[in-house]
There are 2 protein chains.
Amino acid sequence: MSETTNRPYHHGDLRHALIDTALAMLAADQNWTFTLREVARRTGVSHAAPYKHFRDKEALLRELARIGFVQLGQSMAQAMSADTFSVREKFVAAAQACIDFAIHNPGLYRLMFSSDADKTIDSQLHDAAMNTFGLLLRLLEEGQRDGSFRPIAMSAQAAASWAQVHGLAMLAINHQLLEEKVGVAPIPAALEVLLDGMCCGVSNQQKP
Amino acid sequence: MSETTNRPYHHGDLRHALIDTALAMLAADQNWTFTLREVARRTGVSHAAPYKHFRDKEALLRELARIGFVQLGQSMAQAMSADTFSVREKFVAAAQACIDFAIHNPGLYRLMFSSDADKTIDSQLHDAAMNTFGLLLRLLEEGQRDGSFRPIAMSAQAAASWAQVHGLAMLAINHQLLEEKVGVAPIPAALEVLLDGMCCGVSNQQKP
DNA sequence: GCTCCATGTTTACAGGAGAAACTTATACAG
DNA sequence: CTGTATAAGTTTCTCCTGTAAACATGGAGC
């Protein structure tokens with residue numbers, strides 16, 4: 001049995017090489033002009049070689065998106081791993097980690113959330129996305145259990161949190177969080193507003 | 001002086017015809033496969049004709065986005081025009097109008113918010129977007145003046161509201177508000193959570 | 001060593017963006 | 001009313017992309 005299930009013969013490991021090149025291109029080019037031929041060119045193979053590893057361009061993009069969800073999950077998990085944090089602090093840390101991920105990798109983030117309807121068909125991609133989403137759900141559970149968050153329908157809090165973070169991320173990477181519109185530090189400020197609606201008891205008012 | 005500044009000679013009004021065709025294509029095709037040549041074809045002119053009216057494809061797209069912001073502004077303004085509504089009700093109505101707009105015209109909505117950095121260079125587009133954003137600011141002002149909304153930095157509430165609505169819209173049109181994740185009516189539920197954080201006094205708890 | 005087949009390459013084709021050269025018809029001057 | 005400049009539209013061309021098909025190659029297993 002070979003070392004990995006997908007090890008090409010000639011190149012050594014073209015599949016992974018293509019993925020690495022593509023991820024690097026996504027991270028470098030803000031312009032989101034992603035061509036399969038360019039990926040092949042930079043990997044040093046002919047423009048038709050990728051088709052031996054991915055059915056079409058979309059298949060590669062879906063794999064990139066899947067990896068993106070795994071990476072995002074890792075970033076968020078690490079951000080909220082400190083046990084000394086309160087749930088509220090963990091929430092802010094995870095949200096900020098997600099938005100930072102988007103800002104540092106806008107092409108990949110856009111790709112992850114630009115589904116073509118058939119995303120649900122790719123079960124691996126779907127699973128990766130659900131796993132990352134699960135981090136949020138578990139945090140909300142923890143918050144409701146220890147009384148930090150209000151005991152309302154968790155799906156409502158999940159929808160609100162997710163939309164808030166995703167909205168901030170999308171606006172940030174599209175350079176639409178201009179100071180003239182939303183002030184100097186819109187992201188922490190917006191998260192505080194949301195948390196005031198989710199948290200119990202003392203509504204942690206904005207700092208002066 | 002001619003009736004309008006941009007009246008073509010041969011076709012009659014090719015510029016507007018192209019815009020109309022393009023808007024119709026955006027509304028019809030969920031797939032977001034927008035080619036200039038297809039626009040020309042459906043308008044009944046050669047594929048090079050559009051270049052007499054738009055410098056390039058992006059120029060047409062920017063104009064479509066500008067029109068989109070005007071339309072969105074109209075929808076939102078109409079939704080919150082009823083004087084009998086409370087500020088909170090107006091907020092929900094405007095937010096729902098925005099999300100409905102996105103759902104009914106996902107291609108156009110995506111286009112409006114997929115800036116290519118040079119969006120700020122197009123002053124007409126920028127102005128249109130700022131005008132629509134101004135509706136939100138005025139609503140927040142009204143809410144703070146009459147004591148409905150907490151008297152915190154308005155830019156924070158603006159960022160939170162905008163991100164929430166935009167996030168819900170983006171998730172909705174990408175079919176990512178799956179019931180398994182966020183329940184059956186995630187949009188009103190998420191808006192209520194946010195409003196609980198923005199409103200003063202009685203925190204309008206979730207309905208049972 | 002010989003053969004098979006996964007992994008490559010070359011070639012080909014349809015279609016898009018956009019530039020350049022050419023054509024047409026309208027507005028306006030005289 | 002005629003001639004002409006020019007806006008508006010067409011044809012043609014180049015370069016690019018995605019993708020299919022035919023061909024080449026080299027390592028795996030007999």
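In the text below, chain A, chain B and the rest are named by the order of the sequence lines, each starting its count at 1.
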Worksheet entry | Spacing of B:His53 atom NE2 relative to D:dA7 atom P, expressed in whole Å | 12 Å
Response to the item:
Here the distance between atom P of C:dA21 and atom OH of B:Tyr51, to the nearest Å, is 17 Å
Fill in: Atom-to-atom span, CZ of B:Phe34 to C1' of C:dG16 - whole angstrom
13 Å
Practice prompt. Return the value, rounded to whole Å, for the distance between atom CZ of B:Phe54 and atom P of C:dA19.
Written response: 16 Å
Discussion item. What I want to check is whether an N or O donor and acceptor connect the side chain of B:Arg37 with the base of C:dG15 at under 3.5 Å.
Written reply: no
Discussion item. Taking donor-acceptor contacts at under 3.5 Å, does the side chain of A:Arg55 reach the base of D:dT19?
Written reply: no
Discussion item. Can you classify the ring geometry of A:Phe149 versus A:Phe91 as parallel (below 30°), tilted (30 to 60°) or perpendicular (above 60°)?
Written reply: perpendicular
Worksheet item: Going by an N to O cut-off under 4.0 Å, is there a salt bridge joining B:Arg150 and A:Asp196?
Response: yes
Discussion item. Taking A:Met80's backbone N and O only, do any of them form a donor-acceptor pair with A:Glu89's side chain (distance below 3.5 Å, no angle check)?
Written reply: no
Practice prompt. Could you tell me the separation between the CZ atom of A:Arg41 and the C1' atom of C:dG8, rounded to a whole number of Å?
Written response: 18 Å
Response to the item:
Atom CD of A:Glu38 and atom P of D:dC15 are separated, to the nearest Å, by 17 Å
Item to complete: Could you tell me whether B:Glu38 and B:Arg41 have a side-chain N and a carboxylate O separated by less than 4.0 Å?
Response: yes
Worksheet item: Whole-Å distance between C:dA17 C1' and B:Leu36 CG?
Response: 8 Å
Discussion item. Is there, by distance only and without an angle test, a donor paired with an acceptor across the side chain of A:His47 and the base of C:dT9 below 3.5 Å?
Written reply: no
Practice prompt. Would you mind classifying the nucleic acid contact of A:Ser46 as base, sugar-phosphate or nothing, using non-hydrogen atoms under 4.0 angstrom?
Written response: base
Worksheet item: Of all the choices, C:dA17, C:dA20, C:dT9, which nucleotide is nearest to the side chain of A:Ala48 once you look at every atom?
Response: C:dT9
Worksheet item: D:dG9 base to B:Lys52 side chain: any donor-acceptor pair below 3.5 Å?
Response: yes
Worksheet item: From C:dG8, D:dT19, C:dA20, pick the nucleotide closest to the side chain of A:Ala49?
Response: C:dG8
Item to complete: Let me know the distance between CG of B:Asp13 and C1' of D:dA7, rounded to the nearest Å.
Response: 14 Å
Item to complete: Flag the pair B:Arg145 and B:Glu142 as a salt bridge only when some basic side-chain nitrogen lies within less than 4.0 angstrom of an acidic carboxylate oxygen.
Response: no
